[in-house]
K.L.:
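If you scroll down you'll find the structure; I have some questions about it.
Numbers here are sequence positions counted from 1.
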Amino acid sequence: MPRDHAQSAEPLDPGVRAPAPRAADRAPGEAETPFLELLARGASADAYEQPVLLARAEGGPAERIAALERAKLLALRVRSELEGRRRREAELSALFETAHDLAGLRDLDAVLRAIVQRARSLLGTDVAYLSLNDPARGDTYMRVTEGSVAARFQQLRLGMGEGLGGLVAQTARPYVTDDYFKDARFQHTHNIDAGVRDEGLVAILGVPLMLGHHVIGVLFAADRRARVFEREQIALLGSFAALAAAAIDTANLLAETRSALAELERANEIIRDRSGVIERASDVHDRLAELVLRGGGVHDVAAAVSQVLAGTVEFTEAAAAPAGALESSHAEGHAVRHEDDWIAAVSAGGELLGALVLRGHPGLDPVDQLTLERAAMVTSLLLLARRSAAEAEQRVRGELLDDLLDARDRDPRLLRDRAARLRADLDATHVVLAARLDATAPDADQEADARRRLWAAASHLAATRHGLAAARDGGTVLLLPLDVRDTATDLARRTARALGTAVHEAVTVGASAPVGDLAARPEAVAAAYAEARRCLDALRLLNRSGDGAAAEDFGFLGLLLAGDRDIAGFVDRTIGQVVTYDERRGTELVRTLDAYFACGMSPARTKDELHVHVNTVAQRLERVGRLLGDDWQSPARALEIQLALRLHRLSGPAQH
């Protein structure tokens, strides 16, 4: 036994610890130990040089160092094999996950993004992207990118044979380049090179996406530095490309299946709709027949059709319906679409009676359209039947108004009873209106027809407003209640518009001042009618055809038109605020106004007339302006104010 071995076997002093053996003195069989520890730790490749370097530094024997070298190489091979297995395991796991995604395909874009992300991660590249062929344009375009930062690169389109991707798409073979701009195997174009340069790519690997023998796109992995792609990496990217192609094929098949199912569903819907249409047509026929037999109204018809058409159907007057659509429906005899609504004219004998309007239902089945048109026809028949009854009622209304105008029946109780049966209230405040057509008919027959239409429109308006109407003196007279929020002028203008719209001609309306207690004072109706006719004549003389007005609209001329010569009302409307101001504050604004006009509207002569300072006159006139308005000195206003001042002076107590 060598001496050093023998010495190592001698017993040691119990108080002295034996020194640790040096790396160089360890037995050769122990050379693998440090490398096993490195393998267990998963150390980097550089760490495997440390045991050898340490043995050399300690001056270990050559056989020991050689054993460590052999153990190192063996450990590195094991490490490389383990890394390869881990890499293949990760690749297989990624392929499995991608296949799983494909099996549960719901969103093609999501699957393609997952494929590109996993390819980039496993190959360790800066960028991965996928392009698809466009058969219509004969090129290929970017579909999904991962790691890209350049907008122009993300929007690239490559012609067949252009760039590396175009070459892959054209040849159906993978291509790889470790330096794109130095590679002359494929056609460089300015547009493609600019996009690649913007992205900063150098090494690029592209593999085809195949469906059968056809290329549908290209899957890429690329780095921003020179790199050589290994055969295993090319194969891995090819596997991902196969999965991507399968995903696209599956998505296309799903789309075709969904399209076929949608077509079948549409066919079923058409069958169901046709069956439903027949049922609805039968239903609406039965409902409309029942309505006619039991005396239903136009709104009952609209409600019944609303239920059948599953929409909102309303009957509207001709004036309230869209004019263009109503005229088209009347001329064509069919319902017409207006924006999101449908309009069906209700007419009889060439006369428009109104319209049925189907609201918010832009898409209408032809059979449903026919249902709406039939409902409009039934409505016109009901309206004609109602018209016969209404004409009888209108005659009764006209007779009552004639009696009031002629003052033949003076029994207030009897007048109230007759009015109540017509839903009119003679105790309410009313306005008498005289209406006349402005256009002159070319012959007597047409003029008589125009007057009949005016009387019919006025009678309808009176019935809806709980008033009375009668044909008189070549025109129409109406007795309508006055709302507390309205004036006689408002009522006259509104009536002129309503009648003009109904007869499609200009109608001029003159109104009386409000009158009340007509049952007890029936003679007031005749006086008010005379006043309304004077206003009507004044409007026509002033070329205000088609307008409506009352005596109060004509200023002091209204005194000439008004039947009762409402002097107090005129004075109050014209200078009432000034008179009230004087009465409340003891001022002399009225006297100042008298003097001002008497002195030719000269403040200097006015102050001499009143014996006051000119500033006092100016202050009083300024106060008058605030009370009467800034235009009180205009010629028209000044004339009315002077007349009101004179009437006020004449109507007041005698002054001495």
K.L.:
For Ala549 versus Ala492, what's the shortest heavy-atom pair and its separation?
P.N.:
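Minimum heavy-atom separation between Ala549 and Ala492: N-CB, 3.6 Å.
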K.L.:
When rounded to the nearest 0.5 angstrom, what is the spacing between CD in Glu314 and CG in Leu358?
P.N.:
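Spacing of CD (Glu314) from CG (Leu358) equals 10.0 Å.
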K.L.:
Looking at side-chain heavy atoms only, is the closest gap between Leu370 and Glu373 below 4.5 Å?
P.N.:
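Leu370 vs Glu373: side chains touch.
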K.L.:
Check Ala532 against Ala434 and note the closest heavy-atom contact, atom names and distance.
P.N.:
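Looking at all heavy atoms of both residues, the shortest contact is CB-N, 3.9 Å.
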K.L.:
Please round to the nearest 0.5 Å and tell me the distance separating atom CG of Leu627 and atom CD1 of Ile575.
P.N.:
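Between Leu627 CG and Ile575 CD1, I get 11.5 Å after rounding to 0.5 Å.
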K.L.:
So which of Val614, Thr616, Thr592, Asn615 actually passes side-chain contact (heavy atoms from CB on, under 4.5 Å) with Lys607?
P.N.:
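Among the candidates, only Val614 passes.
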K.L.:
Could you state the interatomic distance from CG (Asp594) to CG (Leu645), rounded to the nearest 0.5 Å?
P.N.:
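Reported value, rounded in 0.5 Å steps: 5.0 Å.
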K.L.:
For Arg637 and Leu628, indicate whether the former's side chain and the latter's backbone hold a donor-acceptor pair under 3.5 Å.
P.N.:
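Pair found, side chain donor or acceptor close to backbone of Leu628.
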K.L.:
Report yes if some heavy atom in the side chain of Val431 is under 4.5 Å from a heavy atom in the side chain of Leu480; otherwise report no.
P.N.:
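No, their side chains stay 4.5 Å or more apart.
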K.L.:
Between Arg465 and Leu491, is any pair of side-chain heavy atoms under 4.5 Å apart?
P.N.:
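Answer yes - side chains close enough.
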K.L.:
Checking Asp425 side chain against Asp427 main chain: does a donor-acceptor pair fall under 3.5 Å?
P.N.:
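Answer holds: yes.
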K.L.:
Sort and list the pairs that fulfil side chain to side chain donor-acceptor pair (under 3.5 Å) and have at least one residue in residues 501-512, not counting sequence neighbours.
P.N.:
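Only Asp438-Thr508, Arg453-Glu505 qualify under side chain to side chain donor-acceptor pair (under 3.5 Å).
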K.L.:
Evaluate His460 against Glu317 for side chain to side chain contact (heavy atoms under 4.5 Å, CB included), listing each step before the verdict.
P.N.:
CA-CA 11 Å; His460 177 71; Glu317 302 291 340; 3.8 Å; yes
K.L.:
Around Asp109, counting heavy atoms of other residues, nucleotides and ligands shown, do more than 12 lie under 6.0 Å from its CG?
P.N.:
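Enclosed: over 12 neighbouring heavy atoms sit under 6.0 Å from CG of Asp109.
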K.L.:
Indicate yes or no for a side-chain donor-acceptor contact from Asp490 to the backbone of Thr487 under 3.5 Å, with no hydrogens or angles considered.
P.N.:
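Yes, Asp490 side chain to Thr487 backbone: donor-acceptor pair under 3.5 Å.
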K.L.:
Ala376 and Ala345: which non-hydrogen atoms are nearest, and at how many Å?
P.N.:
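Of all heavy-atom pairs spanning Ala376 and Ala345, the closest is CB-O, 3.7 Å.
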K.L.:
Between Arg605 and Glu609, is there a salt bridge with N-O shorter than 4.0 Å?
P.N.:
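Not counted as a salt bridge, because no side-chain N and carboxylate O are separated by less than 4.0 Å.
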K.L.:
Are any of the side-chain heavy atoms of Leu610 and Glu588 separated by less than 4.5 Å?
P.N.:
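Contact flag for Leu610/Glu588 side chains = no.
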K.L.:
Is the closest side-chain heavy-atom distance between Phe597 and Ile641 below 4.5 Å?
P.N.:
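Yes; the side chains approach each other to less than 4.5 Å.
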K.L.:
Look only at the side chain of Ser329 and the backbone of His334, and say whether a donor-acceptor pair between them is shorter than 3.5 Å.
P.N.:
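Present.
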K.L.:
Which heavy-atom pair separates Cys599 from Thr606 by the least distance, and what is that distance?
P.N.:
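Shortest heavy-atom contact: CB-OG1, 3.8 Å.
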K.L.:
CG of Leu461 to CZ of Arg494: how many Å apart, nearest 0.5 Å?
P.N.:
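It comes to 9.5 Å.
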K.L.:
How many angstroms lie between CZ in Arg591 and CZ in Arg620, if you round to the nearest 0.5 Å?
P.N.:
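The CZ atom of Arg591 sits 7.5 Å away from the CZ atom of Arg620.
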K.L.:
Testing the basics here: between Val612 and Val617, what is the closest heavy-atom pair and its distance to 0.1 Å?
P.N.:
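Answer, listing the atom of Val612 first, then Val617: CG2-CG2, 3.7 Å.
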K.L.:
If only atom types and distance count, is the side chain of His430 paired as donor or acceptor with the main-chain N or O of Ala428 below 3.5 Å?
P.N.:
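Side chain of His430 to backbone of Ala428: a pair is present.
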K.L.:
Can you confirm whether Val525 sits close enough to Val515 that some side-chain heavy atom of one is under 4.5 Å from a side-chain heavy atom of the other?
P.N.:
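Not in contact.
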K.L.:
Could you grab the distance from atom CZ of Arg472 to atom CZ of Arg436, nearest 0.5 Å is fine?
P.N.:
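It is 13.0 Å, given to the nearest 0.5 Å.
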K.L.:
Tell me, with the steps shown, if Val378 and Arg374 meet side chain to side chain contact (heavy atoms under 4.5 Å, CB included).
P.N.:
CA-CA 6 Å; Val378 172; Arg374 287 177 177 171; 5.6 Å; no
K.L.:
State, with a plain yes or no, whether a side-chain heavy atom of Arg626 is found less than 4.5 Å away from one of Tyr581.
P.N.:
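With C-beta onward as the side chain, the pair stays apart.
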K.L.:
If I compare all heavy atoms of Ile343 with all of Ala325, which pair ends up nearest, and what's the gap?
P.N.:
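The answer is CG1-CB, 3.8 Å.
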K.L.:
Is there a side-chain contact between Leu478 and Leu468, using heavy atoms and a 4.5 Å cut-off?
P.N.:
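Contact flag for Leu478/Leu468 side chains = no.
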